[in-house]
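Remember, it's 1-based here, ligands and their atoms both numbered in the order they're listed.
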Amino acid sequence: MEYQSLLIKYAEIGIKGKNRYLFEDKLVSRVKGALKKLPLSFHVYKYNGRIYAEAERPFDLPQAVEALQHVFGISGISPLVHKELMGPEALIQAAVEYFTQAHPDYAGSFKVMATRANKAYPLESNDINRAVGEALLGALPKSRVDVHHPEILFRIEVREQINFYSETIPGPGGMPVGSNGKAMLLLSGGIDSPVAGYMVAKRGVSLEAVYFHAPPYTSERAKNKVVDLARQVAAYAGPVRLHVINFTDIQLAIYETCPHDELTIIMRRYMMRIAETLAGQSGAQALITGESIGQVASQTVQSLVSTNEVCHLPVFRPLIAFDKQEIIDLSKRIGTYETSILPYEDCCTIFVAKHPVTKPNPGIIRRSEEKLLPGIKELVDKALAEEEIILCE
Ligand code: ATP
Ligand code: MG
């Protein structure tokens, strides 16, 4: 079957009242962006609460679907066949031709559902339903009509032209990126943080990201891995500016000054502070981490309280109640898993203590941090001043 058009359905933006057109326009622009990667050009437009994408000639359906499955806000994708407006008899014949080609030897249940925006058309919707239904039963003797729970809903739209479609491929859901502000993702080379970024972007939030590395303790290879992950997240979230922060001197200062069982927690607090400064500079209104309750010592509830204490912006932790296996499954589905499991050195694990505190006492942590003053401020300012920004798309 050759398709030349797609009908793109969206669900949740339908409920946005007066702002609806803003969401629709965002989605149209995301759809255009995704389809630009294909070798032929599409005309993308809104019509009657739907988005249509029409190509100049028949296209490779799996490739187009794959591109659109990266566009948040799409609930379903239906390949569409357009026909010039034609008389009732020709319409019935064309409908049978379409259906028998799209579903050869079909032996299941179906329902025909016509809509007639063009009120001048000589047949009413119900007449079309009946006539096409009967013709299909004749052409596909093993099929049957089920008006309540059909396996295939065959839609016929009679407008200035005629559209046939009978298949809806699920989209990724969510809301169009850019419709819900911006957040700063703390992106490491692990499994969790790319998934966390994906989940928040799915709600329409655009992303910036920050990666802390500790050269020479962490390698260029580890950094490139994070760049790869940022690119993979950007395939869904749109272009991501990745801020690379050299954390070595800050980590060494903490290592030399603070009790070793508190290292990870204090490091995490400095990461959050720096991420928040970067967020302020780039207009991001929240932070995102891949933390999940109890996964490691720095993610017990008490540790999360301690990390959170230094933040003023909201911290989104979409994986907070996920099991590791659930996170792994999601990372495989979105395509980041294979990169995440490549071996690398993480700045958090290089200076890690044998027995990190699992129930940090807020007062004690604050007192340890005071010993870092005033020198640490200069190190933080230097790290920020020397940031490297990599555009990942
Ligand atoms: P991940 O798989 O995302 O690395 P993790 O299970 O290894 O997470 P931690 O190392 O404790 O957990 O980190 C918790 C969160 O802190 C990460 O999900 C990430 O958001 C952030 N983070 C940790 N290390 C870094 C880093 N080097 N650069 C940026 N963010 C980091
Ligand atoms: Mg990690």
| said: Under 3.5 Å between any N/O of F212 and any N/O of ligand 1: does that happen in this structure? | reply: yes
| query | Among side-chain atoms of E24 and Y10, is any donor-acceptor pair under 3.5 angstrom? | reply | yes
| Which atoms of ligand 1 are found less than 4.0 Å from any heavy atom of G290? | 17 (C), 18 (O), 20 (O)
| query | Against heavy atoms of V210, which atoms of ligand 1 measure under 4.0 Å? | reply | 29 (C)
| Atoms of ligand 1 less than 4.0 Å from D192 heavy atoms? | 1 (P), 2 (O), 3 (O), 5 (P), 6 (O), 8 (O)
| task | Within a distance under 4.0 Å of any heavy atom of G190, pick out the atoms of ligand 1 and give their elements. | result | 1 (P), 2 (O), 4 (O)
| note | Within 4.0 Å of some non-hydrogen atom of I191, the atoms of ligand 1 are 2 (O)
| query | Contact between R268 and ligand 1, counting heavy atoms under 4.0 Å? | reply | yes
| query | Is any side-chain N of the basic residue among K37 and E66 closer than 4.0 Å to the acidic one's carboxylate O? | reply | no
| said: Looking at H149, is its backbone amide N or carbonyl O close enough to the side chain of D146 to form a donor-acceptor pair, meaning the two atoms are under 3.5 Å apart? | reply: yes
| query | Which option out of I274, I245, L186, V315 puts a heavy atom nearest to atom 19 (C) of ligand 1? | reply | L186
| request: Give a yes or no on whether a salt bridge exists between R366 and E370, defined as a side-chain N under 4.0 angstrom from a carboxylate O. | output: no
| Which of the ligand 1 atoms, numbered from 1, are nearer than 4.0 Å to a heavy atom of S193 | 1 (P), 3 (O), 18 (O), 19 (C), 20 (O)
| message | Show the atoms of ligand 1 that are less than 4.0 angstrom away from any heavy atom in L187. | response | 28 (N), 29 (C), 30 (N)
| task | Select the closest option to atom 9 (P) of ligand 1 among R317, K324, Q299, judged by heavy-atom distance. | result | Q299
| message | Testing the 3.5 Å rule here: is there a donor-acceptor pair between the side chains of S298 and S303? | response | no
| query | Counting distance only, does the side-chain N/O of Q69 pair as donor-acceptor with the main-chain N or O of P172 below 3.5 Å? | reply | no
| field | E151 bridged to R144 by N-O distance under 4.0 Å | value | yes
| task | Mark yes or no: R203 above the aromatic ring of F316, with NZ or CZ under 6.0 Å from the six-membered ring centre and no more than 45 degrees from the axis. | result | no
| message | Minimum distance, heavy atoms only, to atom 26 (C) of ligand 1: which one of S188, S340, P194 is it? | response | S188
| field | Close-contact set for ligand 1 against T289 heavy atoms, below 4.0 Å | value | 20 (O)
| request: Answer yes when K223 and E388 have at least one side-chain N-carboxylate O distance shorter than 4.0 Å, and no when they do not. | output: yes
